[in-house]
Amino acid sequence: MAEVQFRFRDDEMVGDPGVTVGAFGEQSNAAAVRLEPGDEARDLLPHLSRLRLIEINFPVYGDGRGYTAARVLREAGYTGELRAVGDVLVDQLAFMRRCGFDAFAPEVPLDPADAQAALDRYPEVYQPAADGRVAIWAKRHADVQGG
Amino acid sequence: MYKYDTYDQAMVDARVEEFRDQVRRRIDGHLSEDQFKPLRLMNGLYLQLHAYMLRVAVPYGTLSGAQMHALGDIADKYDRGYGHFTTRQNIQYNWIKLDEAPNILADLAKVEMHAIQTSGNCIRNTSSDQYAGAAADEVTDPRPYAELIRQWSTFHPEFCYLPRKFKIAVIASETDRAAMRLHDIGVQIVRGEGGELGAAFYVGGGMGRTPMIGPLIKAFVPLDQFITYAEACLRVYNRHGRRDNKYKARIKILVHELGKEEYTRQVEAEFAHLLSQNIEPPTAELERIKAQFADPAFETGLSEELDRSDPDFALWVDNNCVTHKASGYIAVTISLKPIGGIPGDASADQMRLMAALAAQYSFDELRVTHAQNIVLAHVRKDQLYALWQALDEAGLGTANLDLVGDIIACPGLDYCSLANARSIPVAQKIGQRLAAKEQQIGELKLKISGCINACGHHHAGHIGILGVDRKGTENYQLLLGGCEGADTSLGQITGPGFDEDGIVDAVEKATEVYLSTREGNERFLDTYRRIGMAPFKEALYG
Ligand code: SF4
C-alpha cells in the first residue's frame, strides 16, 4: 500500500487499512473503509460516527466519481480523514482538497514543490465546495450575505 | 457586455502561470506526454495531425472589439495569419508551437480571454443565441445566465473529470437559434405564470454517433435556485454516467438508459439535498452581471428607411440582416463563407477590420455564431450601407446567410487527427457548384462532419454530410431532413455513400428534386417533409 504523502490534519493516523464496503457492512467495529469508484458513498452515511478514515480510490485519475463521493460525505457531516489513494497526480490535488480530501497517498509519490505550487495556485474560487473557502460571489456581496 | 473585475482577472492570470509551469514541466521531462495530455487539454491545446491546435473560449459567443482585434494579432504573431471560428462559437488556431502557447494565453488574459475548459471531460464553454439583446422575441437577454454558468463551472472541483465533455446552451426566446436541445443541458429562460423569470431545463440532448433531442425535465426552476439545479443535474451524471465505453458516456445515454422520469427523480432528490448546502449565488450577483448586459444607448427617432437602390446591397440586406427590437436598428450577419472559401476562416486583417467596424457601427461588440459567422447585433439602418461597403471591400460581404453556400464544416482530415475524411474541400466544391443557384434554392442549411463525432452538426443539417472511412478511402454519407430549432429533427441517411466528387453531384441532385417539386414558398426542408425520402432516393440511386 502506498504511503500517505500529504496529510492536512493533526489527529493520529488510523493504523488499519480500510476494508471494502462489502466487508464493512459485516464488520460492525471497523473504523476505516475504502470506497471504489462504483461504490455508493451514501451507504456509509448511517455509520459516519464510528468512521475515522475513509479511503477513496482513484484507479485512474480520469474517473471522477471520487470527487462526488468526497463531497457527499463532507456534506453529510463526516469529519474523519478522507484520503485519496491510487492514481493521484499533482494537478488534481487542488480539486481534491476542495472536495474535502485531507490526506493523499499517491501510488507514485509527487514532487513536493510541484504539489505545494499546485495547492497554492488559485487565489480565489468561483464556487463553494467542501473546504470552506469563500466563493468570489460571496466576497463581491459580503454586505448582502447577512452573515 | 461582461467586464472582468479583479477576481475574474486574478483567476485567468493564475491560469496562465499554471499552464506556463505545466509546459515547463513537460519540456524539461517531469511530465510524460500521457500525463501532460489531460493538462493541455484542459487548456484547449490539442495535438493535431500537423501541429498543436489551440481553442480559445468566446463565452456565449460575445466579443468586444478589443478582443476581436487581439484574436487577429494572435493569428499574425503565433499562427499563419488566420483563425478558424467553430460551431462552438469559439476560435481555433491550427499552427501553434507548444513553447509559445503560454504566451498566447498571456496575450489573451490581457483582453479578459482564456482557453479554460475548451476541451477535456469538463463543462465546456456555454453557448447562446447570437442575437441576444437584439432579438425582438426574447423574454430577456440570456447571456447573464450564461455568464453565471461560466463562473460556476470554471474550475468546478467536482466536475472536472466527468464521464465525458459537457456542453450547456442558454436561450431566452421561443425561436431556438442555438440548437439548445442538442446540448447536454439546454436552458430556456421563460416567464412563469406570475410573469417572473425562471429556467426550463432540457437534459440529455446531443449529436455524435447517437444523436438525441434533449427532453424537458423541469419546466420552471426559480432563478434563485438556478445554479443549485444545474449542480444537481451534473452530480447525478458524474456519479452514474457510464465510464465503461467512451461512446456511451455522454449524459444523453444516461438519461436514455435510466429513462427521463428516473433521471429526473434522482436530480430532484439531489436538488432537495443541495438546497440546504447554500451553493446558490445571491440574486445580487445575477443583478450585478445583468447590469453589464444592459441595452446600449440606442438612439431614438431614427429612420426605418433603407435605400435599396444598389442591388448587391439590397440582396445582402435581404439575406444577411434580421429585424432588431429597437426601431432604426438591424442585426447583421457577416458571412465567413465566401464562395469556394474555407467555412469559418478569417484572416488576421479581416478580424481587425471587423473589430474596427464593430467599434464604429455596433457599440463595440461582436458575436460568433454556431454557424461559423460573425454578427454585429446593433447596427443603425442609416449606417448600414457604409458598413456593407467596408465589408464587401474586404471580402466579407457575401450575401448567403442560411443559403446552401453558408456551409457549416468541421476541420476534418485537413487538420483533425480523428477524422475519416476531409470536410473543407467538399464544402468548397459544393459552394462553387451551387453558387449560381443558391438564391433560387433559398434557405438550405448544409452541414458537414469529417467523422461520427459530428462537430459539423451533420445530423441537424437540412442536408447533412458525414465523412466515413470505407476500406481506407474517404467516403461520404448523405443525410436529409435534419433541423435544429423549435422543430428539431435528425437527418436520415439516404443510402450508400459517395466519393468526393460523387457527394457534390448528389447534393446538386437533391436540390434539383426540390426545385422541381416545391410548392409555393416551401423551403427545401418543407418539401422534404412533405414528399419524404423516396423521390430523393430515386434521383440519387434510381
Ligand atoms: S467531426 Fe470528427 S473530423 Fe470533424 S472535427 Fe470533429 S472529430 Fe474532427
Side-chain angles (χ1 to χ4, degrees), chain A residues 37-42 58-72 74-76 87 89-101 108 110-111 113-114 117-118 120-131 133 135-146, chain B residues 5-11 13-15 17-18 21-22 25 30-31 35-36 38-39 42 120-122 148 150-163 227 231 234-241 243-244 269-270 273-274 276-289:
Chain A
D39 292 336
E40 183 49 71
R42 289 202 161 105
F58 290 83
V60 288
Y61 75 84
D63 188 333
R65 284 178 283 188
Y67 295 89
T68 290
R71 249 186 106 191
V72 161
R74 290 301 189 205
E75 284 167 2
D87 194 13
L89 307 175
V90 165
D91 296 278
Q92 279 87 55
L93 288 180
F95 290 141
M96 288 179 170
R97 281 293 279 150
R98 297 223 59 216
C99 288
F101 288 99
V108 180
L110 310 177
D111 179 322
D114 286 347
D120 296 342
R121 178 73 63 196
Y122 286 95
E124 304 292 345
V125 295
Y126 271 120
Q127 57 297 95
D131 56 349
R133 288 183 76 179
I136 288 172
W137 51 251
K139 294 188 175 179
R140 281 178 180 142
H141 303 283
D143 49 333
V144 295
Q145 285 297 296
Chain B
D5 65 3
T6 51
Y7 292 114
D8 298 306
Q9 191 65 47
M11 295 298 273
D13 289 346
R15 175 56 134 199
E17 289 320 308
E18 177 179 55
D21 186 50
Q22 289 166 346
R25 283 190 279 145
H30 271 74
L31 290 174
Q35 290 169 330
F36 181 59
L39 305 179
M42 290 250 173
N121 292 336
C122 50
L148 205 59
R150 183 190 75 82
Q151 297 190 25
W152 160 71
S153 62
T154 297
F155 307 133
H156 195 298
E158 188 178 336
F159 305 136
C160 279
Y161 295 93
L162 296 168
I227 291 298
E231 184 128 341
L234 262 299
R235 180 175 280 185
V236 172
Y237 170 56
N238 191 45
R239 175 65 187 81
H240 295 292
R243 291 174 189 264
D244 57 325
E270 197 63 62
H273 160 70
L274 286 171
S276 69
Q277 296 294 317
N278 295 321
I279 56 172
E280 187 74 31
T283 41
E285 176 62 2
L286 184 58
E287 293 308 321
R288 183 189 73 90
I289 296 171

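Convention: sequence-line order gives letters A, B, ...; per-chain numbering from 1.
- Proximity to chain B (any heavy atom under 4.5 Å) is restricted, for A/Val90, to the side chain, taken from C-beta onward.
- Taking chain A as the reference chain and counting heavy-atom pairs below 4.5 Å, the highest number among B/Asn121, B/Leu162, B/Asp8, B/Ile227 is found for B/Asp8.
- Contact of the A/Glu75 side chain with the B/Leu274 side chain is registered, since non-hydrogen atoms from C-beta on lie closer than 4.5 Å.
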Does the side chain to side chain contact (heavy atoms under 4.5 Å, CB included) test come out yes or no for A/Arg121 and B/Asp21, once each step is laid out?
CA-CA 11 Å; A/Arg121 178 73 63 196; B/Asp21 186 50; 3.4 Å; yes

Derivation of the side chain to side chain contact (heavy atoms under 4.5 Å, CB included) call for B/His30 and A/Asp114:
CA-CA 10 Å; B/His30 271 74; A/Asp114 286 347; 4.2 Å; yes

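- Among all heavy-atom pairs drawn from B/Asn238 and A/Gly64, the shortest one is ND2-O, 3.1 Å.
- The nearest pair of heavy atoms linking B/Phe159 to A/Thr68 is CE2-OG1, 4.5 Å.
- Most heavy-atom pairs under 4.5 Å with chain B: of the set A/Pro37, A/Gly66, A/Gly62, A/Ala70, this distinction falls to A/Gly62.
- Looking at A/Ala135, there are no atoms closer than 4.5 Å to chain B (heavy atoms on both sides), in backbone or side chain.
- Heavy atoms only, all atoms of each residue included: B/Asn278 and A/Trp137 are closest at O-CH2, 4.1 Å.
- Both the backbone and the side chain of B/Ile279 have a heavy atom closer than 4.5 Å to some heavy atom of chain A.
- Between B/Gln35 and A/Tyr61, the side chains place no donor N or O within less than 3.5 Å of an acceptor N or O (distance only, hydrogens not considered).
- A/Lys139 and B/Tyr7 get closest at one heavy-atom pair: CB-OH, 3.4 Å.
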From CA spacing to verdict: side chain to side chain contact (heavy atoms under 4.5 Å, CB included), A/Arg65, B/Arg243
CA-CA 10 Å; A/Arg65 284 178 283 188; B/Arg243 291 174 189 264; 3.5 Å; yes

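- Proximity of B/His273 to A/Arg42: side-chain heavy atoms (C-beta onward) are separated by under 4.5 Å at one or more points.
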Checking side chain to side chain contact (heavy atoms under 4.5 Å, CB included) for the pair A/Val72/B/Arg235: CA distance, chi angles, key distance, verdict?
CA-CA 10 Å; A/Val72 161; B/Arg235 180 175 280 185; 3.7 Å; yes

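- Residue contact with chain B, scored on non-hydrogen atoms closer than 4.5 Å, involves the backbone of A/Asp39 exclusively.
- The distance from the NE2 atom of B/His156 to the CD atom of A/Gln127 is 5.0 Å, given to the nearest 0.5 Å.
- For the pair B/Gln151 (side chain) and A/Tyr126 (backbone), a donor-acceptor distance under 3.5 Å is absent.
- Note that CD of B/Glu18 is 6.0 Å distant from CG of A/Asp91, once rounded to the nearest 0.5 Å.
- Between chain B and the options A/Arg71, A/Gln92, A/Glu124, A/Arg97, heavy-atom pairs under 4.5 Å are most frequent for A/Arg71.
- A pairwise comparison of heavy atoms in B/Cys160 and A/Phe95 identifies SG-CZ, 3.5 Å as the closest pair.
- Looking at A/Asp131, there are no atoms closer than 4.5 Å to chain B (heavy atoms on both sides), in backbone or side chain.
- If you tally non-hydrogen atom pairs under 4.5 Å between each of B/Met42, B/Gln277, B/Glu158, B/Glu231 and chain A, the highest count goes to B/Glu158.
- With respect to B/Arg239 and A/Glu40, a salt bridge is recorded, a charged nitrogen being found less than 4.0 Å from a carboxylate O.
- Side-chain contact annotation: A/His141 with B/Glu285, donor-acceptor N/O pair under 3.5 Å present.
- By the 30° and 60° cut-offs, the orientation of the rings of B/Phe155 relative to A/Tyr122 is tilted.
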